[in-house]
S.K.: 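Have a look at this one.
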Amino acid sequence: MYTKHKWQSDIYHNFGYVKYLPKDFDENKKYPLVIFLHGAGERGDDLDRAMHHGYMKYVREEGKEYPFIFIGPQCPQGKYWGCYTESLLAFIEEMCRTLPVDRDRIYLTGLSMGGTGTWMLAMADPDRFAAIAPICGSGIYWHGTVLAKMPIFMYHGDCDDIVPFYESANMLRAINRHGNNNARLKVCYGVGHNAWDHAYTDDELLEWLLSQHK
């Protein structure tokens, strides 16, 4: 099960966050780390709400187990992830310093506002992550060159009326134009904004993520 925590810093924003450790966790082993950025509807100070979607939904509702360390920070009400880029990077570094993380297997994913945050954070520090999985997020097309070597797996509903499908399609074109041959977009046909229900139950995504190494 996941546990709730508060990151305290004198310099950066103090995130509340959820932590999940694999079954039979051994602090002497190294584990992959999945960082999850939630969507706009999960902002605030209720950490249960922050885990309403994504992998922790299935831990909470179905008792599902995963072979990675999971960290899910919560964004304050009325803010968005781009407000906290430096704080998030410092927060992730602290998680890596205090937990037995395999630094060659740090993965970043998020949905909607968190999908956009995934793009922004990866562009701010592309060398930190082994792979990213932005779900129905909007990207920064003109800055695609910094992700020319990043393994990327996107999901987006073709009927999304909140964040249009072309946001992911344009990101894929921009990244491919800079020579990235390890970026893919899975179209969720007939699906609106909730592409995350398809992404985080898709074994293909999880297997792909965990196979990526720096």
Side-chain angles (χ1 to χ4, degrees), residues 1-7 12-20 34-64 66 68 70-89 91-92 95 107-124 132-140 152-171 185-202 205-206 209:
M1 196 62 181
Y2 64 81
T3 54
K4 304 171 188 178
H5 305 269
K6 182 78 172 183
W7 182 52
Y12 300 103
H13 177 75
N14 295 327
F15 293 105
Y17 68 97
V18 163
K19 176 174 70 177
Y20 168 85
V34 172
I35 301 291
F36 171 72
L37 303 181
H38 62 70
E42 292 75 61
R43 292 174 292 185
D45 56 10
D46 180 352
L47 284 169
D48 286 323
R49 185 172 180 79
M51 299 301 106
H52 189 62
H53 301 296
Y55 289 123
M56 287 306 101
K57 171 184 178 178
Y58 305 105
V59 171
R60 182 167 45 86
E61 295 182 358
E62 302 175 10
K64 192 167 178 62
Y66 295 102
F68 50 74
F70 174 97
I71 297 291
Q74 187 170 34
C75 187
Q77 193 64 254
K79 301 294 185 179
Y80 65 100
W81 290 116
C83 298
Y84 302 106
T85 299
E86 290 187 8
S87 292
L88 282 168
L89 291 173
F91 169 72
I92 293 170
M95 297 299 103
Y107 310 116
L108 176 63
T109 186
L111 60 90
S112 190
M113 182 187 80
T116 302
T118 296
W119 287 120
M120 297 177 73
L121 199 58
M123 287 178 166
I132 64 172
I135 313 302
C136 59
S138 55
I140 307 171
I152 301 168
F153 200 154
M154 293 168 262
Y155 283 68
H156 215 125
D158 68 335
C159 298
D160 194 331
D161 60 354
I162 304 297
V163 180
F165 172 76
Y166 64 72
E167 289 289 343
S168 288
N170 286 345
M171 280 303 299
L185 169 57
K186 194 163 190 176
V187 183
C188 302
Y189 292 102
V191 173
H193 191 48
N194 65 324
W196 53 80
D197 288 336
H198 301 264
Y200 295 121
T201 56
D202 189 347
L205 173 60
L206 186 56
L209 266 181

S.K.: Check whether any side-chain N or O of Glu42 sits under 3.5 Å from a backbone N or O of Gly39 as a donor-acceptor pair, and report yes or no.
M.R.: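 Yes, because the side chain of Glu42 sits within donor-acceptor range (under 3.5 Å) of the backbone of Gly39.
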S.K.: Does some side-chain heavy atom of Lys19 sit less than 4.5 Å from a side-chain heavy atom of Tyr2?
M.R.: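 Result no, sub-4.5 Å side-chain heavy-atom pair not found.
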S.K.: Got His5 and Val18 here, is their nearest side-chain heavy-atom distance under 4.5 Å?
M.R.: no
S.K.: Are the side chains of Leu206 and Phe68 in touch, meaning some heavy atoms are under 4.5 Å apart?
M.R.: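 Side chain of Leu206 against side chain of Phe68, heavy atoms only: contact under 4.5 Å found.
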S.K.: Any chance you could measure Thr116, atom OG1, to Leu121, atom CG, to the nearest 0.5 Å?
M.R.: 12.5 Å
S.K.: From Leu108 CG over to Trp119 CH2, what is the distance, rounded to the nearest 0.5 angstrom?
M.R.: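 Result: 10.5 Å between the selected atoms.
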S.K.: To the nearest 0.5 Å, tell me how far Met113 CE sits from Ser138 OG.
M.R.: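 The CE atom of Met113 sits 11.0 Å away from the OG atom of Ser138.
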S.K.: Strictly distance-based, threshold 3.5 Å: is any side-chain N or O of Arg43 a donor or acceptor partner for the main-chain N or O of Lys79?
M.R.: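 Indeed, once roles are kept as given, a pair shorter than 3.5 Å links the two residues.
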S.K.: So Trp81 and Leu88, do their side chains get closer than 4.5 Å, heavy atoms only?
M.R.: yes
S.K.: With rounding to the nearest 0.5 Å, note down the distance linking CD1 in Ile152 to CD1 in Ile132.
M.R.: 4.5 Å
S.K.: Side chains of Leu209 and Phe153: does their closest heavy-atom pair fall under 4.5 Å?
M.R.: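 They are not in side-chain contact.
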S.K.: Between Thr118 (side chain only) and Pro134 (backbone N and O only), is there a donor and an acceptor less than 3.5 Å apart?
M.R.: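 Checking the backbone N and O of Pro134 against the side chain of Thr118, no donor-acceptor pair under 3.5 Å is found.
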S.K.: Take Tyr66 and Tyr55, measure what ring pair (Phe, Tyr, Trp, His ring centres under 6.0 Å) needs, and give me the verdict at the end.
M.R.: CA-CA 9 Å; Tyr66 295 102; Tyr55 289 123; 5.1 Å; yes
S.K.: Is there a side-chain contact between Tyr107 and Ile35 (heavy atoms, below 4.5 Å)?
M.R.: no
S.K.: Hey, are the side chains of Lys6 and Asn14 touching, using non-hydrogen atoms and a 4.5 Å cut-off?
M.R.: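 Yes; the side chains approach each other to less than 4.5 Å.
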S.K.: Can any side-chain N or O of Gln77 pair as donor or acceptor with the backbone N or O of Asp45 at less than 3.5 Å?
M.R.: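 Side chain of Gln77 to backbone of Asp45, a donor-acceptor pair under 3.5 Å: no, none is there.
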S.K.: If you measure only the distance, is there a donor-acceptor pair under 3.5 Å linking the side chains of Asp197 and Tyr155?
M.R.: no
S.K.: Salt bridge or not between Asp202 and Lys186? Use side-chain N to carboxylate O under 4.0 Å.
M.R.: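 Here Asp202 pairs with Lys186 in a salt bridge, since their nearest N and O are under 4.0 Å apart.
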S.K.: Of His53, His38, His156, which is the lone residue that meets ring-ring contact (aromatic ring centres under 6.0 Å, His included) with Trp196?
M.R.: His53
S.K.: Are Tyr200 and Thr109 close enough that a side-chain donor and a side-chain acceptor fall under 3.5 Å?
M.R.: yes
S.K.: Would you confirm whether Arg60, through its side chain, and Met51, through its main-chain N or O, come within 3.5 Å as a donor-acceptor pair?
M.R.: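 Yes, the answer is positive, given that a donor and an acceptor are paired below the 3.5 Å cut-off.
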S.K.: Any non-hydrogen side-chain atom of Trp7 less than 4.5 Å from a side-chain atom of Pro73?
M.R.: no
S.K.: Test Asp160 against Tyr166 for side-chain hydrogen bond (donor to acceptor under 3.5 Å, both in side chains), laying out the working first.
M.R.: CA-CA 10 Å; Asp160 194 331; Tyr166 64 72; over 6 Å; no
S.K.: Is there a side-chain contact (heavy atoms from CB on, under 4.5 Å) between Leu185 and Phe165? Walk through the geometry before answering.
M.R.: CA-CA 10 Å; Leu185 169 57; Phe165 172 76; 3.8 Å; yes
S.K.: Are Tyr17 and Phe15 an aromatic pair by the rule of ring centers under 6.0 Å?
M.R.: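 When the ring centroids of Tyr17 and Phe15 are compared, they turn out to be at least 6.0 Å apart.
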S.K.: Between Asp158 and Gly190 (side chain of the first, backbone of the second, donor and acceptor by atom type, cut-off under 3.5 Å), is there such a pair?
M.R.: yes
